[in-house]
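Quick caveat, the model's predicted, so the values are computed rather than measured. Side chains included, hydrogens not; waters and symmetry mates left out as well; all remaining heavy atoms used.
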Amino acid sequence: MSDHEKLNYVEFPAYDLPATKTFFSNVFNWQFTDYGPEYTAFSGQGLDGGFFNAPLKSLTQNGAALLVFYSNDIHATYKKVQLHGGTILKPIFEFPGGCRFHFAEPSGNEFAVWAEKH
């Protein structure tokens, strides 16, 4: 059951749905449900959502919101992102309370990963 007036779902464009699905499956162990050839959904990841086929991408430089993953081992997650076709947009940097990096998945959408310590 969804919580009243709480964030529930997020959607992203993806020009290469198969590559995006493979990336998130390999790096973050996501599972997808396809709703036709132009839409796929994920759930159980802290926030449910989906990807729709479109020649667009979500980037903070264009004013997009940034969704941030948490990692117990930021260096291992960084390596998995690179190994499975992600592009590092900002290498690991420190900020008060932790560190993070930004990456683009194969369809070009920007995400980040943070950890409490380096």
Side-chain angles (χ1 to χ4, degrees):
M1 178 179 233
S2 299
D3 292 329
H4 178 66
E5 297 180 344
K6 300 295 182 200
L7 290 175
N8 181 258
Y9 203 83
V10 62
E11 292 185 326
F12 295 95
Y15 61 81
D16 189 341
L17 282 174
T20 293
K21 286 171 53 177
T22 298
F23 174 83
F24 282 102
S25 294
N26 288 334
V27 177
F28 298 105
N29 200 31
W30 286 13
Q31 295 180 356
F32 291 90
T33 301
D34 294 334
Y35 294 96
E38 296 191 1
Y39 194 88
T40 191
F42 58 87
S43 61
Q45 301 306 316
L47 181 63
D48 295 347
F51 292 92
F52 58 93
N53 188 269
L56 305 168
K57 51 186 148 184
S58 178
L59 294 167
T60 58
Q61 69 186 19
N62 298 332
L66 180 65
L67 273 72
V68 184
F69 293 88
Y70 177 78
S71 175
N72 287 327
D73 185 344
I74 197 166
H75 295 286
T77 304
Y78 188 95
K79 289 177 186 173
K80 284 195 319 184
V81 165
Q82 290 182 305
L83 178 67
H84 294 289
T87 302
I88 302 301
L89 300 176
K90 293 182 183 177
I92 296 172
F93 63 93
E94 293 187 13
F95 62 89
C99 60
R100 78 180 194 198
F101 69 92
H102 293 213
F103 69 91
E105 52 85 24
S107 286
N109 294 302
E110 182 179 357
F111 293 86
V113 176
W114 86 280
E116 292 180 54
K117 45 186 151 176
H118 197 4

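Between Phe101 and Phe69, the ring centre distance reaches or exceeds 6.0 Å.
Under the side chain to side chain donor-acceptor pair (under 3.5 Å) criterion, Ser107 pairs with Thr20, sequence neighbours left out. Remark: Tyr15 pairs with no residue by the side chain to side chain donor-acceptor pair (under 3.5 Å) rule, at least two apart or across chains.
Here the side chain of Asn109 pairs no donor or acceptor atom with the backbone of Leu59 at under 3.5 angstrom. At least one donor-acceptor pair under 3.5 Å links the side chain of Asp16 to the backbone N or O of Ala19. Using modelled atom types, one side-chain atom of Asn26 and one backbone atom of Thr22 make a donor-acceptor pair closer than 3.5 Å.
Identified under the salt bridge (Lys or Arg N to Asp or Glu O under 4.0 Å) test for residues 25-40, with sequence neighbours left out: Lys21-Asp34. A side-chain hydrogen bond (donor to acceptor under 3.5 Å, both in side chains) check over residues 57-70, counting only residues at least two apart or in different chains, returns the pairs Thr60-Glu110, Tyr70-Glu116.
Across Ala41 and Tyr9, no two heavy atoms sit closer than the pair CB-OH, 3.6 Å. Considering every non-hydrogen atom in both Leu17 and Thr40, the closest pair reads CD2-CG2, 4.0 Å.
Residues Phe12 and Leu7 share a hydrophobic cluster, clusters being chains of Ile/Leu/Val/Met/Phe/Trp/Tyr side chains in contact below 4.5 Å.
Two residues are said to be in side-chain contact when any heavy atoms from C-beta on lie closer than 4.5 Å; Leu67 and Val10 meet this criterion. Side chains of Ile74 and Val113 form a contact here, defined as non-hydrogen atoms less than 4.5 Å apart. Inter-residue side-chain proximity for Phe32 and Ser25 is flagged as met; some heavy-atom pair is nearer than 4.5 Å. Here the side chains of Phe111 and His102 are not in contact, with every heavy-atom distance at 4.5 Å or above.
Note that CZ of Phe28 is 10.5 Å distant from CD of Glu105, once rounded to the nearest 0.5 Å.
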For residues 77-92, which side-chain N or O atoms pair as donor and acceptor with protein atoms under 3.5 Å away, sequence neighbours left out?
from	atom 1	to	atom 2	distance (Å)
Thr77	OG1	Ser71	OG	2.7
Thr77	OG1	Asp73	O	3.3
Lys80	NZ	Val27	O	2.8

Show me the donor-acceptor pairs within less than 3.5 Å that the side chains of residues 42-56 make with the rest of the protein, sequence neighbours left out.
from	atom 1	to	atom 2	distance (Å)
Gln45	OE1	Trp30	NE1	2.9
Gln45	NE2	Ser43	O	3.3
Asp48	OD1	Gly44	N	3.0

